[in-house]
Amino acid sequence: MAGNYRIEMDQEDIVRSLITSVGSFIQDRLIDKEQRTSHKEQCAERLAAEDGSSDKDTEVRYSDQAVLANLDWGIDALEEAINTSNIETKMARLDYAEKMLQVCAMLDSSQKTAGVPNFYLSAWAHLNLSYLWKLRNNVNNTVLHILEMFIIDPFFSRIDFAPELWKCLFLPHMSSIVGWYSEERHRIVMDVIPDSSDLSFTMDFDHDFNESLIFSVRPDQAEKMQKLEQLYGQSLDDNTRLYAKFYKDCINYDSATSKKAIPLLPIAEPPMTPLHEVRRSIPDYVKFGPILPKSAGFTPILRVKENAKGESRLNMTSSSSDNQEDSTTWDPVKGIPEEDEEDYEPEPHVHIASNKRNQENSSSYVEARSKVEQININQKQSPKAFLSMDSPKVESPKTPYSQEPSPKKSDTPSRKGVPVLRLLSGRVKDSSMSKSLHLSQELKINSADSDEERTVQHETVGKRNARRRSLSQSLEKGSPNNSDEGSLSCISLPLSEKSTAPSRPPKDFVCPITGQIFNDPVTLETGQTYEGKAIQEWIKRGNTTCPITRQSLSAATLPKTNYVLKRLITSWREQHPDLAQEFSYSQTPRSYLNIPSSRERSSESTPSPTFNHPNHRRIEEIVEQRSRRFMRAAVSMSPTSVISQAATEAIINGLKPLVSCLCTSEDLQECEEAILTIAKIWNDSKLESQGVHSYLSAPTIVNGFVEVLSASIKREVLKTTIYILSELLYADDSIGEILTSVDSDFECLATLLKDGLPEAAVLIYLLRPSFSQLSAHNFVPSLTQIISNRNEDSSDFQFTIGTKEAAVALLEQIITGGGESDRSFNAIQIISGNGIPALLKCLEHENGRESIVCILLFCIRADKSCRNTIASRIELSPVLELIHTGSDSVKATCIELLYELVLLNRRTLCNQILQIIKDEGAFSTMHTLLVCLQMASMEQKSTIAPLLLQLDLLVEPRKMSIYREESIDALIEALQEKDFPASQLRALDALLSLSGHLTNSGKSFLEARLLKTAGFNQRYNATIKEEKQRAGENDITNTTEEEEKALSSWENRMSFVLCNHEKGLIFKALEECLTSTSMEIAKSSFILATWLIHMLYSFPDTGIRDIARKSLLEQFIQMLQSTKNLEEKILAALALRGFITDLGALSELGIYAKCLCRNLRKLKKYSTVVSDIMKTLMNLPCIDAAELWCYTECPEMDVSMNGEVLCLLHVRGRLISSHSDGTIKVWETGKRNPRLIHETREHSKAVTCLYVSSSCDKLYSGSLDRTIRVWAINQEEIHCIQVHDVKEPVLELIANAHFACFTSQSTGVKVYNWSGVPKHVNFQKYVKCLAIMGDKLYCGCTGYSIQEVDLSTQTSTTFYAGAKKLLGKQNIYSLQVQKNVVYAGGSLVDGMSGKVFTLPSKAVIGTLTTGSDIQRLAVNNDLIFSATKSGNIEVWLQERVTKMTCIKMKSGGQSKITSLAVDKDGEMIFAGSIDGKIQVWRLD
């Protein structure tokens, strides 16, 4: 490809060339194990170097460590897959490696992880993923991952990851850029050389330059050279990325389906440089011969110049680096200039460029590249000084840390004794590191621009840093994992290039008023930035101008916080925690990050779950002690300020007479006035001198304040006294011992708080009381009232912590302490006191968010009904910020709160909250949750996993997702923990809630929903009714069409991913849970398994059904047969209904068919799914249906006194019979033998026919007395409500609310609309029977034909023409229509007396083969019953139209059957005969 790059190639040729080149490169890497190992060590050294560039005291977060660990584990798993020959092992390790590597591949390239740029980690992950897809023989994915690597990080890709591939794919397109670089560098070099007009462009500069020329390089020329190097590298990277995207478009382009145009080949153009005007044409000499001289980039010259500067500054003999001869040179064969020597520092005494950039929190590409270039030089000078990154599977490096390469011999004396520039891995301790640091910090700067003050300051900083190191080292020695996490890498420089640690923060980070680091930076309209509280105080004093510029301020209110500057300061604080503490703003109220939380202070509190770490508690203790020390140091300082301050001595002298009065006077009023005056003097002075605090902190003075506090009744005096005591206590904890030495003092404060003095909460909080002290006074209502107050009392004093903040902190301590009943009681008090809205309002403020989140969580636990209130009103941004920045315990609490908030019974609202969680925040919430999941305990995984899974399923689950895979794996892993039933139960509850069927209290009612699906509505209706009663007027259980649609979509998505995860792994886990000895676990598992099986068979088969059948089918069969619980039987039947569509399951069900049918018959009246199962079982070829349906004969009922039994109907457990004497009787059939309950005789002649409406509330009867009567059906009787005279005898009748159709002694059929004269529809045939379906009437006629009458037009057509033989002597005696199927019975023709037709096509789909005519037909859900002329009743299967059994009447064939009826379930058969008897059979 490199050789033919100038020839125009089409898209297919480019793709083939890419596949060939990349495939060859990957194949070589896979074959060469040593090269892979060496490359991994090299990349690990990069990570160590990045680690070392950050501040030593910055603790690496566990989440960042987990990301790096995932990368390392993924590479190890990939290596194992390469080395193994077992196919199953290889595929398993490849799947695991893909999961681990995807974590790093999806990182945000603009962020950092443990100080390492994410673009480096992501590119490295893509390189390993290309190896992985090569092993899977997927060439397209292999090429795409390689191209993605070049897109994400072209710089490291061309110098570290794949330099040879870059030369092949990209370098041929960069000729114009290389030529431009050569010309520009040549121009700069020519300016350095005197009389350079005769020099050739390709001369060897390294050979002809002497030291005088090197030292003659001016600073501006060196700066030009450095800018040129950076611009050249940036141009190479930009164009590499451009061509990589072009190649990627070519790979993804499909000429057959794509509507886009064919990707066009881009053109690499040289950059526009500000150094001088760039010529558009490339000189001829660029096209021939070597393009660059040996020292491409001219870096050796700059480095020698730096050493010369260092020598003049430090009075030390030094020169260029010992390994200057090893500098990367231009290779004419390879044709690529190396980039590894671009390093230039204008000032040797200033920090390294990479370090400085890290402090300024800049992540630009040029800065990252500059850092790597410095590292590359270090690597060439000390190639064996690196150690690989720690990993659970990586062995310790072979080369010990202390081993150093021997310096090269040189004839130049100035090179002796100069330390070699080398990079030390941060994973191993060494004494040489500390020695080098001490040496660096004790240097004296003697140059002309260094004064005595700077030297003294430098020494002071060195001593302070030494003390900090000793603290850090003592912590590391006590840590069992100090070699893994506690140490950071360090760069040891030559003395001429040693940099000192920063002694002060950047001036832009310091307030000019307070002299301290900004906590709340506010930028005025004049462009100047001040601390918010300081400038507010300045304006309160009546000033209307900017303190520095003296310009007038037009705005009366302060602008908002400068969040850009605040984020920069936060980043700087993380890198320099010691300086941040030392120069922190002394007037900033102590936040909950500095003061231990109430849960830590109280020994009686129950701690919330945390992500534990061995040194976590000890680190917090040391950080707390150090923060207190620096805070007090800040208090003792007198910061530089433009606001004038009085001398400390003058203040104390002014306070002495007032204090004397306070301590000695017996007059309460004098003491009160003294306190007010003391506070006014103190407040006006704004002096935070330690002397004033020490003076007022004397025990006698403190006791004087307390005595006034307990005696005074003036609100102003009480507030002032509490203010003074809180200030003293904040500065000196020993004041608390004085205040708590007498119990009455605390009782006094408690009384003041309950009496409505909110400031008392501040002092109580600072005293750090125990839970027992707080609970003894029941502070919850008072504290809730303080939080709920919208407007705090105006005061001239600003407390160290706000009253609401103190109230929130105390509430947290109260609600998290004590037992479960105490916590629930206190939470209910907060809810009943309307504290939830107030807490949500306080969540907007920065201080106390952790406590508020904790309180809200406990309130939800105590009263689930408040969940909807919180979910609809909460602002989630502060909670998400805590997840990213908080400690592990805070993260756990926030995640649990978010999980509770999404347990809503409204799917649309739940999806909105999930979308906010997913989208808001500067960092990826899903990635943070993934890291937390990987580091969490089994108990916490049941909370994190379902939340992360729901976030992932906000979109359609089409592609593999590491978030989804890890979440489901965690839940299934918890299900498999037999030894931890609590974890199993939590995982089951989480999985049940994922279905989306939740009550208002967040509990799953999936069981009731499944029962409703199975046709059993009682449980569901009861649940909904209960929810409505709880909700009252605010009923949120009513679901709209949109809500149902969202819930259905969510249920499908969730069940699909759960069923298809790891080839149905969840079914195997549920199989084990169903056998648990815990009834609760077994019941929850059974419900979950039923839901998943029910949903599984609604999806296309993906091969999971076999696994589900093998795991759970037998379990459901046993449940149906063994359990006595009706609801469990119905759930088992619902699951079996899914299995009957599986051919593999049917063969197993056939074994249990007889037992199953016996149990299923009892469920038919409760569940609609039972009929489907029974129908399927009876239609199995291996099943003898006669064995499943066995009828026993009941006692015969003799009604011959009323004549023949002409018609029978079964309606709602009642049998209605009509007789030839005009009598109609009603029978109860609920018991074993029918019982007569009502009898009426209103027709004067025989009642020939009966018909019941579809609603079963009306009965229609036709009689030979030429009338049609309408009857109302009641529970125990029927009574006539209408009589219609139709002028003709009625033989057959069908009726509804609009019309009645009947037959008479004439041909055709009569249609009567309940008024007027019946209309005759004549088709010249006598009608023997009628059936109706919709607006179509079907008439069984003579001639064995069926006529279809359209009632809307009252026209007739022939439905079935009948046979031609013996035409006119064959009849259709009975018709039944059900489910678009017509059943006809009549005369025997060719051995068949019945036919089954399908309505849409009118085709015959079955025949009833009997030995005689069929007189009557009856049909229910599953069976066909035919009464023959011979007096037998035959039972047929509807599905296959095959005869099951035959029932004979007692009279045999001597008595003709005149009527036939069955119940809808087929459990009872009723037959009436011509001799006036009713025979009943019951299913055994």
Side-chain angles (χ1 to χ4, degrees), residues 43-72 74 101-126 149 151-157 160-161 237 351-375 389-390 423 425-427 485 487-491 564 566-577 580 880-881 883-886 891 921-932 934-935:
C43 294
E45 290 162 2
R46 295 279 194 210
L47 299 185
E50 292 289 349
D51 198 9
S53 64
S54 61
D55 196 298
K56 280 184 62 178
D57 291 335
T58 301
E59 182 181 355
V60 179
R61 295 185 298 181
Y62 302 142
S63 58
D64 291 351
Q65 296 173 6
V67 173
L68 298 180
N70 283 340
L71 176 61
D72 194 53
L101 294 173
Q102 283 288 357
V103 174
C104 290
M106 295 186 296
L107 291 174
D108 185 358
S109 58
S110 63
Q111 305 294 331
K112 289 186 178 183
T113 301
V116 181
N118 284 350
F119 56 77
Y120 186 87
L121 298 175
S122 183
W124 191 6
H126 278 291
M149 175 189 71
I151 293 173
I152 292 176
D153 188 4
F155 176 70
F156 284 110
S157 297
D160 267 4
F161 300 137
D237 295 340
H351 290 272
I352 304 172
S354 61
N355 231 357
K356 186 173 182 180
R357 294 184 182 99
N358 280 339
Q359 295 171 10
E360 296 174 352
N361 196 23
S362 173
S363 59
S364 67
Y365 180 84
V366 175
E367 296 166 351
R369 182 171 176 267
S370 175
K371 180 187 297 185
V372 173
E373 289 164 356
Q374 175 67 47
I375 296 170
M389 180 184 64
D390 285 343
L423 178 66
S425 173
R427 304 299 178 189
E485 301 175 12
S487 60
L488 304 175
S489 59
C490 169
I491 298 179
V564 175
K566 188 172 182 178
R567 282 195 292 270
L568 291 176
I569 295 173
T570 302
S571 177
W572 182 86
R573 285 178 184 271
E574 293 176 355
Q575 298 179 20
H576 303 280
L880 298 177
E881 184 179 348
I883 293 179
H884 296 304
T885 60
K891 286 182 181 179
F923 303 94
S924 171
T925 303
M926 294 181 65
H927 184 69
T928 303
L929 291 176
L930 175 62
V931 175
C932 291
Q934 294 171 341
M935 304 294 291

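Values in this document were obtained by computation on a predicted structure and should not be read as measured data.
- No side-chain heavy atom of Val931 sits under 4.5 Å from any side-chain heavy atom of Thr928.
- Atom CD1 of Ile569 is separated from atom NZ of Lys566 by 9.0 Å, given to the nearest 0.5 angstrom.
- Formation of a donor-acceptor pair under 3.5 Å by the Ser571 side chain with backbone atoms of Arg567 is not found in this model.
- Between the SG atom in Cys43 and the CG atom in Asp160 there is a gap of 5.5 Å [rounded to 0.5 Å].
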TODO: In sequence, state the C-alpha distance, the side-chain angles, and the governing distance for Val103 and Leu71, and then conclude on side chain to side chain contact (heavy atoms under 4.5 Å, CB included).
DONE: CA-CA 8 Å; Val103 174; Leu71 176 61; over 6 Å; no

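- Side-chain contact between Leu107 and Thr113 is present, with at least one heavy-atom pair separated by less than 4.5 Å.
- For Gln934, the side-chain hydrogen bond (donor to acceptor under 3.5 Å, both in side chains) partners at least two apart in sequence or on another chain are Asn70.
- A search for side chain to side chain contact (heavy atoms under 4.5 Å, CB included) contacts involving Ala105 returns Gln102, Ala125, His126, Leu129, not counting sequence neighbours.
- Of the inter-residue distances, the one linking Ser157 atom OG with Tyr120 atom OH reads 9.5 Å to the nearest 0.5 angstrom.
- For the atom pair CD of Glu574 and OG1 of Thr885, the computed distance is 9.0 Å after rounding to the nearest 0.5 Å.
- Atoms OG and CD1, on Ser109 and Ile151 in that order, are 11.5 Å from each other to the nearest 0.5 Å.
- Considering only heavy atoms from C-beta on, Val67 stays 4.5 Å or farther from Asn118 through its side chain.
- Side-chain contact check for Trp124 versus Phe156: every heavy-atom pair is 4.5 Å or farther apart.
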